[in-house]
Amino acid sequence: MSVNRLDLVRSSFEKKALSTGPFDGKVSDIFGELVFDRAKMRKYLDPDTLSALLECIEGGGQLDRRTADEVAKGMKEWALSHGVTHVTHWFQPLTDGTAEKHETLIDYDGKGGVIERFDGSSLVQQEPDASSFPNGGIRATFEARGYTAWDPTSPVFIQEDTLCIPTIFVSYTGEALDYKTPFKRALKAVCEAALPICRLFDPKVKKVYCYLGMEQEYFLVDEALYASRTDLMITGRTLLGHMSSKNQQLDDHYFGAIPTRVAAFMRDLEIAAFRLGIPVKTRHNEVAPNQFELAPIYGEANLSNDQNQILMNLMNTIARKHSFVVLLHEKPFEGINGSGKHNNWSLGTDTGVPLLAPGKDARSNLQFMIFLVNSLAAVQKHNALLKASIASAGNEHRLGGNEAPPAIVSAFLGRTMTGVLRKLLELPSGTPVEIAGKKGRKVDLLEIPEIFLDNTDRNRTSPFAFTGNRFEFRAVGSSANCAGAMTVLNAAVADQLVAYKAALDRELAAGKEFDVAVMDSLKPIIASVVDVICFDGNGYSEEWVREAARRGLDTRTCVPELISAYTAPESIEMFARTGVFSERELEARNDVKWDTYSKKIQIESLVLSRMSVNHIIPAALEYKSRLLQGLKLNQDVFGNLDGCSAERRLVEEISSLVETISARVDAMQEAGKAAKAEPDSFRRALAYSRIVQDMTALRKPIDRLEELVDNRIWPLPKYRELLFIS
Ligand code: ADP
Ligand code: MG
């Protein structure tokens with residue numbers, strides 16, 4: 001059965017917004033109802049169990065067997081009241097997305113019937129029979145055991161009929177096989193490194209938290225059109241397609257009115273998110289047509305990241321209900337903006353002091369300067385590694401293109417803060433420095449204006465931008481698990497804070513006043529960062545690439561090469577010092593990354609070959625044959641081909657394009673065979689990275705054909721149809 005593309009387009013236009021029905025009640029009434037949060041803990045657990053569990057959550061201790069059984073009992077009671085029949089350990093292996101293996105709650109009751117059973121041991125640990133998750137050789141099949149272990153800091157939640165328990169996933173020998181394990185190690189490292197510094201300012205501080213807020217960008221396309229694009233279905237992006245005449249040039253989509261069908265989807269999504277305790281705050285149209293963004297309120301980083309994973313799953317399922325498909329790929333369409341996920345990152349104390357925001361008085365500003373400057377130093381030292389943390393086959397198409405962010409990691413501070421740093425450098429050593437927080441006070445000294453939070457100038461081209469009370473790491477891809485990037489950032493900052501504290505202690509031991517010691521230990525760091533990692537100019541310019549190379553920043557763009565930054569000596573040492581990754585883990589994970597990269601490109605190139613041969617060439621030949629029939633008729637009727645030069649030129653151009661396509665498909669297939677045969681995973685990935693260029697070259701004649709061939713014959717939905725139907 002062949003479906004006509006134009007019929008599909010017509011049917012897509014006819015789709016109306018699904019009415020989601022009125023939502024009676026308040027959001028606060030449904031917020032978190034599917035999460036086993038503190039309120040439910042208080043209701044379903046006895047006081048002893050509750051306090052043991054809270055201590056474990058807050059203090060990071062271990063649950064004893066009896067308490068675990070009691071917690072499981074309470075959870076089961078709560079889950080049954082929601083009609084739950086299954087339970088799963090929910091984890092984040094090194095694939096795209098999350099993994100779960102559902103088990104029913106039933107067990108024989110010993111009396112010939114069944115009962116619901118859920119005890120502490122099934123809550124705390126499981127052994128997923130899953131040797132097929134990527135592990136980079138850490139888990140050879142003869143010791144195929146991997147364990148999932150409950151992460152009590154992220155609450156248990158209900159999805160459909162299943163109780164989901166967030167877990168880490170580790171090998172029999174304790175090595176990380178997932179995103180969550182190293183992320184939690186990095187969070188522990190950064191909080192422990194920050195704590196002794198904070199306690200110098202306030203001995204009452206007991207804990208430091210890392211906060212994360214993500215801005216999730218995505219595209220929506222009509223389900224029927226999606227289903228007729230093999231490339232979108234299989235690879236998540238269009239491998240061919242000519243730009244539509246109108247795309248984002250008019251900037252008329254950004255913050256525009258949200259189309260009705262999209263608004264209905266967003267509303268359903270938000271309600272589902274609220275019920276799962278995800279504090280979705282903003283929604284709006286993005287720059288590209290059919291591109292949108294959603295951002296929850298920031299929260300503790302581990303929880304925020306779990307929620308982002310849940311949210312991406314929800315987006316996929318809820319979009320389908322509205323006959324949409326969500327594209328989370330970083331670059332679904334050529335020629336218009338791709339999608340990212342800004343990671344808004346900050347640190348704060350349990351006493352409520354934000355560590356990356358200017359304070360109200362001189363003392364808190366001194367603390368702020370410590371965290372600001374050391375964050376910059378960490379980013380500078382590990383700029384290549386940070387880029388590696390966001391490098392993927394999908395994000396490769398987005399980075400370095402003329403859209404945020406460029407393929408060089410630099411930091412943007414804005415005029416005010418850069419000015420403060422430069423002024424600090426000019427002060428002679430030993431000068432007591434007071435960085436006032438309020439305009440008008442201590443004018444003779446340094447000053448961070450109070451309005452600072454609102455007036456941070458925005459530099460859209462910076463991958464790591466200070467925005468008043470946080471840094472925004474903007475290079476993260478829209479489909480990424482942010483734990484990847486956040487593990488690197490937090491580990492690097494932890495390592496830097498430890499080194500700084502040691503330097504500060506040396507100054508204090510030399511008998512200097514506290515403020516002077518802080519400044520004297522900060523100044524060399526400021527001097528080293530202010531003209532290297534800090535860059536307030538245009539990150540898209542050619543000069544910046546040269547200038548960045550001169551400054552010693554990493555300017556590479558080849559993804560397989562970038563990935564090797566994880567096993568550079570300075571990275572291995574940093575991860576060992578912070579306890580985030582062992583060298584073996586790093587090597588294994590690089591293997592997984594290279595392999596994933598190779599496989600993705602292998603799939604893309606196979607899809608593109610087949611589409612070229614099965615869709616494009618036949619359509620071109622059909623049109624060519626129609627043109628030739630017309631020419632023949634003309635010859636038969638008039639005895640000549642006068643006035644047919646346009647058709648003749650068309651036939652010639654189509655013939656030559658088909659020749660080119662066919663030759664490029666053959667060449668790409670040969671290159672694919674050679675790449676596949678390469679045994680070393682790094683060199684294999686390098687070989688596949690060259691195939692990306694073959695795909696770009698193959699696409700050009702195809703996109704030209706799309707311009708030439710009769711619209712009624714063209715078999716695939718075009719950009720203008722994919723991008724403007726909602
Ligand atoms: P913008 O588009 O201006 O960057 P948004 O409101 O879309 O702002 O998103 C900003 C994100 O940053 C939100 O998730 C917000 O909760 C988060 N955020 C705000 N302050 C902090 C902070 N101190 N630490 C971490 N994240 C923060
Ligand atoms: Mg932002």
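Taking the six-membered ring where the residue is Trp, F514 and F201 present perpendicular rings, their angle passing 60° and hence far from 30°.
Using a 3.5 Å distance cut-off with no hydrogens or angles, the side chains of K184 and T153 do pair a donor with an acceptor. Checking S478 against Q216 by side-chain atom types alone, no donor-acceptor pair falls below 3.5 Å. Counting only N and O atoms by type, the side chains of S304 and Y298 include no donor and acceptor under 3.5 Å apart. S392 and N395 share no side-chain donor-acceptor pair at under 3.5 Å. The closest side-chain donor-acceptor pair between N590 and T567 falls under 3.5 angstrom. D178 and Q92 are not linked by any side-chain donor-acceptor pair at a separation below 3.5 angstrom, with hydrogens and angles left out of the test. Side-chain contact annotation: N308 with K341, donor-acceptor N/O pair under 3.5 Å present. A donor-acceptor contact under 3.5 angstrom links the side chains of N490 and W345, judged on distance only. Residues S154 and N302 have side chains that never bring a donor and an acceptor to within less than 3.5 angstrom of each other. With no hydrogens or angles considered, no side-chain donor-acceptor pair links S582 and E175 at under 3.5 Å. No hydrogens or angles considered: a donor-acceptor pair under 3.5 Å links the side chains of E396 and Y597. Side chains of N337 and E286: no donor on one and acceptor on the other come within 3.5 Å.
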| message | Let's go through L53 and M41 carefully: what are the C-alpha distance in whole Å and the side-chain angles of both, what is the deciding distance for side chain to side chain contact (heavy atoms under 4.5 Å, CB included) to 0.1 Å, and is it a yes or a no? | response | CA-CA 9 Å; L53 177 60; M41 288 177 193; 3.8 Å; yes
| said: Using salt bridge (charged side-chain N to carboxylate O under 4.0 Å, His left out), reason through E192 and K188 one step at a time and then give a plain yes or no. | reply: CA-CA 6 Å; E192 285 178 2; K188 184 164 178 274; 3.5 Å; yes
| field | Test log, rule side chain to side chain contact (heavy atoms under 4.5 Å, CB included), inputs F473 and S389 | value | CA-CA 11 Å; F473 189 31; S389 78; 4.1 Å; yes
| field | Step-by-step side chain to side chain contact (heavy atoms under 4.5 Å, CB included) determination, Y209 to K207 | value | CA-CA 7 Å; Y209 291 100; K207 223 173 157 181; 3.7 Å; yes
| What's the verdict on side chain to side chain donor-acceptor pair (under 3.5 Å) for D361 and S364, showing C-alpha distance, side-chain angles and the deciding distance? | CA-CA 6 Å; D361 53 37; S364 60; 2.8 Å; yes
| message | Evaluate V518 against Y500 for side chain to side chain contact (heavy atoms under 4.5 Å, CB included), listing each step before the verdict. | response | CA-CA 10 Å; V518 167; Y500 172 75; 3.6 Å; yes
| task | Apply ring-ring contact (aromatic ring centres under 6.0 Å, His included) to the pair W544 and F535, showing each step before the final yes or no. | result | CA-CA 9 Å; W544 171 229; F535 175 65; 3.6 Å; yes
| field | Evaluation steps, salt bridge (charged side-chain N to carboxylate O under 4.0 Å, His left out), between R422 and D531 | value | CA-CA 10 Å; R422 290 199 187 283; D531 292 314; 3.1 Å; yes
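At distances below 3.5 Å, not a single donor-acceptor pair connects side-chain atoms of D554 with backbone N or O atoms of A384. Remark: the backbone N or O of G539 is paired with a side-chain donor or acceptor of T461 at under 3.5 angstrom. In this structure, E513 contributes its side chain and V516 its backbone to no donor-acceptor pair below 3.5 Å. Side-chain atoms of K360 do not come within 3.5 Å of backbone N or O of N365 as any donor-acceptor pair. Remark: side-chain polar atoms of R474 are not paired, donor with acceptor, to backbone N or O of P463 under 3.5 angstrom. Without hydrogens or angle criteria, Q291 side chain to G338 main chain gives a donor-acceptor distance under 3.5 Å. Here the side chain of E215 pairs no donor or acceptor atom with the backbone of L294 at under 3.5 angstrom. Judged by distance alone, the side chain of K387 and the main-chain N or O of A407 form a donor-acceptor pair under 3.5 Å.
Between D495 and E573, the closest side-chain pair of non-hydrogen atoms is not below 4.5 Å. When side chains are defined from C-beta on, I310 counts as touching F157, because their heavy atoms get closer than 4.5 Å. Contact of the T148 side chain with the I168 side chain is not registered, since no non-hydrogen atoms from C-beta on lie closer than 4.5 Å. Using a 4.5 Å cut-off on side-chain heavy atoms (C-beta onward), W594 and D591 make contact. The shortest distance between side-chain heavy atoms of C534 and T418 does not fall below 4.5 Å. In this structure the side chain of T349 reaches within 4.5 angstrom of the side chain of L355, judged on heavy atoms. Between V156 and W150, the closest side-chain pair of non-hydrogen atoms falls below 4.5 Å. L424 places a side-chain heavy atom less than 4.5 Å from the side chain of M369.
Salt-bridge formation is not detected for the pair D536/R415: no Lys NZ or Arg NE/NH1/NH2 atom is positioned less than 4.0 Å from an Asp or Glu carboxylate oxygen. By the 4.0 Å N-to-carboxylate-O rule, R38 lies close enough to E58 to be salt-bridged with it. The residues E507 and K512 are annotated as salt-bridged, a charged nitrogen and a carboxylate oxygen being separated by less than 4.0 angstrom. Under 4.0 Å is where a charged nitrogen must lie from a carboxylate oxygen, and between E270 and R283 at least one such pair does. Under 4.0 Å is where a charged nitrogen must lie from a carboxylate oxygen, and between K206 and D350 no such pair does. Electrostatic pairing of R589 and E585 does not count as a salt bridge here, judged by no charged N lying under 4.0 Å from a carboxylate O.
Nearest heavy-atom pair across N383 and V409 is O-CG2, 3.8 Å. Closest of all the heavy-atom pairs between V498 and A193 is CG2-CB, 3.7 Å. When all heavy atoms are compared, the tightest approach of A176 to V170 is CA-CG1, 4.3 Å. The nearest pair of heavy atoms linking C210 to C191 is N-SG, 4.1 Å. Smallest separation of non-hydrogen atoms from L399 and A475: CD2-O, 4.3 Å. Contact detail for G340 and E217: the closest heavy-atom pair is N-OE1, 2.8 Å.
With sequence neighbours left out, R551 forms a salt bridge (charged side-chain N to carboxylate O under 4.0 Å, His left out) with E547.
Residue K501 qualifies as enclosed at atom NZ: its count of foreign heavy atoms under 6.0 Å is above 12. Residue E570 places its CD atom among more than 12 non-hydrogen atoms of other residues, nucleotides or ligands, all under 6.0 Å distant.
Note that K593 lies in the cation-pi zone of Y566, set by a 6.0 Å cut-off to the ring centre and a 45° limit from the axis.
If you take OG on S528 and CD on Q380, they are separated by 5.5 Å, rounding to the nearest 0.5 Å. The OG1 atom of T282 sits 9.5 Å away from atom CD1 of I297, with the distance rounded to the nearest 0.5 Å. Atom-to-atom distance recorded for L386:CG and S571:OG is 9.5 Å, nearest 0.5 angstrom. With values rounded to the nearest 0.5 angstrom, M486 atom CE is found 6.0 Å from L212 atom CG.
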